[in-house]
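Computed from a predicted structure; not experimentally measured.
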Amino acid sequence: MDLINEHIVWHPHAITRQFRERANGHKGAVLWFTGLSGSGKSTLAGAIEQTLAEMEIKTYLLDGDNVRHGLCRDLGFSEEDRQENIRRIGEVAKLMVDAGLIVATAFISPYREDRQRVRELFEANQFFELHVATPVDICEQRDPKGLYKQAREGKITHFTGIDSPYQEPLQPELRIDGRQPIADSITQILHLLKTQQVIKT
């Protein structure tokens with residue numbers, strides 16, 4: 001339910017995103033990692049955050065599990081709750097981009113419609129969908145949390161890739177082979193950011 005009414009207005013501020021971007025020396029943007037559980041998206045998001053930080057670029061990582069400890073702790077894993085989870089993350093990421101940060105997010109975000117809604121929050125060259133394309137059998141072999149095993153045993157329901165669908169991005173800004181070395185993936189991501197003039201070459 002949308003509770004916004006005529007008494008709630010958006011207040012523009014004197015310090016703009018453009019001001020912050022000039023101060024930071026780079027633009028604000030979202031690196032939206034999406035993929036199956038175990039695909040490697042969290043590892044990649046953490047690696048690019050560290051790489052950017054070492055380049056003295058202002059960055060922040062929004063991790064799926066961490067967010068559910070606070071902002072989204074009231075949500076379950078039904079389709080409706082997953083949609084609300086992604087909506088909230090999109091709005092938080094938007095605020096961080098307004099602060100001039102490069103935000104890495106690591107969420108399964110299984111539905112194209114939800115990812116599109118987040119994309120529409122941003123201007124051109126602010127939202128980059130990065131599909132970590134790892135076959136489900138490889139993800140299941142990795143199974144760092146033992147979730148696939150529990151899903152196969154029926155202990156977890158609505159598990160993406162087993163009894164709940166994952167809709168692959170049709171035209172992501174970057175499709176990353178989740179089986180390749182992390183260093184190769186980082187090189188690809190940095191190249192994308194440079195060619196889109198988010199960061200300087």
Side-chain angles (χ1 to χ4, degrees), residues 1 30-50 60-94 103-122 127-186 188-189 192:
M1 178 190 236
V30 177
L31 298 172
W32 190 277
F33 290 89
T34 176
L36 294 169
S37 178
S39 62
K41 60 190 178 300
S42 293
T43 300
L44 278 178
I48 193 63
E49 181 193 35
Q50 182 174 350
Y60 195 86
L61 170 60
L62 290 171
D63 177 79
D65 284 352
N66 291 356
V67 167
R68 281 186 175 271
H69 276 276
L71 178 67
C72 298
R73 68 184 302 169
D74 59 316
L75 299 177
F77 292 90
S78 67
E79 182 174 342
E80 293 77 14
D81 281 356
R82 287 183 172 199
Q83 289 173 342
E84 175 60 14
N85 184 58
I86 297 306
R87 187 196 69 80
R88 293 183 192 181
I89 299 311
E91 293 290 350
V92 170
K94 182 180 179 182
V103 186
T105 75
F107 299 88
I108 294 173
S109 50
Y111 304 115
R112 294 190 190 108
E113 184 178 11
D114 295 339
R115 298 193 301 265
Q116 180 61 30
R117 284 198 196 98
V118 174
R119 179 185 291 274
E120 291 170 359
L121 295 173
F122 298 92
F127 181 90
F128 300 94
E129 188 176 36
L130 310 182
H131 177 210
V132 185
T134 308
V136 66
D137 59 319
I138 301 297
C139 295
E140 193 163 358
Q141 287 173 25
R142 295 173 177 173
D143 203 10
K145 302 176 185 176
L147 299 178
Y148 283 95
K149 183 175 184 296
Q150 293 182 62
R152 293 292 187 190
E153 293 172 350
K155 297 177 181 177
I156 296 177
T157 58
H158 307 295
F159 188 77
T160 304
I162 302 298
D163 60 349
S164 186
Y166 176 74
Q167 299 173 347
E168 292 189 359
L170 300 178
Q171 294 182 306
E173 277 71 22
L174 188 62
R175 202 179 302 276
I176 299 170
D177 187 340
R179 298 164 293 187
Q180 71 183 6
I182 292 176
D184 292 349
S185 300
I186 295 300
Q188 287 180 281
I189 297 166
L192 174 67

Basic-acidic side-chain contact under 4.0 Å: [X], [Y]:
X    : Y    : answer
R112 : E129 : no
R117 : E120 : no
R88  : D74  : yes

For this session: Only one of V30, I48, L192, T105 passes side chain to side chain contact (heavy atoms under 4.5 Å, CB included) with L130; say which it is.
Result: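 Single pass found, and it is L192.
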
Interatomic spacing from [atom1] in [X] to [atom2] in [Y] - rounded to 0.5 Å:
X    : Y    : atom1 : atom2 : answer
I189 : E173 : CD1   : CD    : 12.5 Å
I162 : K149 : CD1   : NZ    : 13.0 Å
L147 : R142 : CG    : CZ    : 14.5 Å
N85  : E80  : CG    : CD    : 13.0 Å
Q83  : L75  : CD    : CG    : 11.5 Å
D184 : R179 : CG    : CZ    : 13.5 Å

If you draw a 6.0 Å radius around [atom1] in [X], do more than 12 non-hydrogen atoms from other residues or ligands fall strictly inside?
X    : atom1 : value
Y60  : OH    : no
Q50  : CD    : no
Q171 : CD    : no

Exercise. According to the salt bridge (Lys or Arg N to Asp or Glu O under 4.0 Å) rule, which pairs have a member within residues 155-172, sequence neighbours left out?
Worked result: E153-K155

For this session: Apply the test side chain to side chain contact (heavy atoms under 4.5 Å, CB included) to residues L36 and T134: give CA-CA distance (whole Å), side-chain angles for both, the deciding distance (0.1 Å), then the verdict.
Result: CA-CA 7 Å; L36 294 169; T134 308; over 6 Å; no

Identify the heavy atoms of [X] and [Y] that sit nearest to each other, and give their distance.
X    : Y    : answer
G90  : V118 : CA-CG1, 3.9 Å
Q167 : R115 : O-NH2, 2.6 Å
P165 : T160 : O-CG2, 3.7 Å

Problem set entry | D63/S42 under side chain to side chain contact (heavy atoms under 4.5 Å, CB included): CA gap, chis, key distance, verdict | CA-CA 7 Å; D63 177 79; S42 293; 3.5 Å; yes

For this session: Check whether any side-chain N or O of R175 sits under 3.5 Å from a backbone N or O of P169 as a donor-acceptor pair, and report yes or no.
Result: yes

Exercise. Just by modelled atom types, is the V136 backbone N or O under 3.5 Å from a matching donor or acceptor in the Y148 side chain?
Worked result: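 No; zero donor-acceptor contacts below 3.5 Å.
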
Minimum side-chain heavy-atom gap [X]-[Y] below 4.5 Å:
X    : Y    : result
F33  : S39  : no
Y166 : T34  : yes
K145 : S37  : no
K41  : I176 : no

For this session: Determine, step by step, whether S109 and I86 satisfy the side chain to side chain contact (heavy atoms under 4.5 Å, CB included) criterion, reporting the C-alpha distance in whole Å, the side-chain angles of both residues, the deciding distance to 0.1 Å, and the verdict.
Result: CA-CA 7 Å; S109 50; I86 297 306; 3.7 Å; yes

Problem set entry | Verdict with supporting geometry, Q116 and E113, side chain to side chain contact (heavy atoms under 4.5 Å, CB included) | CA-CA 5 Å; Q116 180 61 30; E113 184 178 11; 5.7 Å; no

For this session: Could you tell me how the ring of F127 sits relative to the ring of W32: parallel (under 30°), tilted (30 to 60°) or perpendicular (over 60°)?
Result: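 Geometry flag for W32 against F127: tilted rings.
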
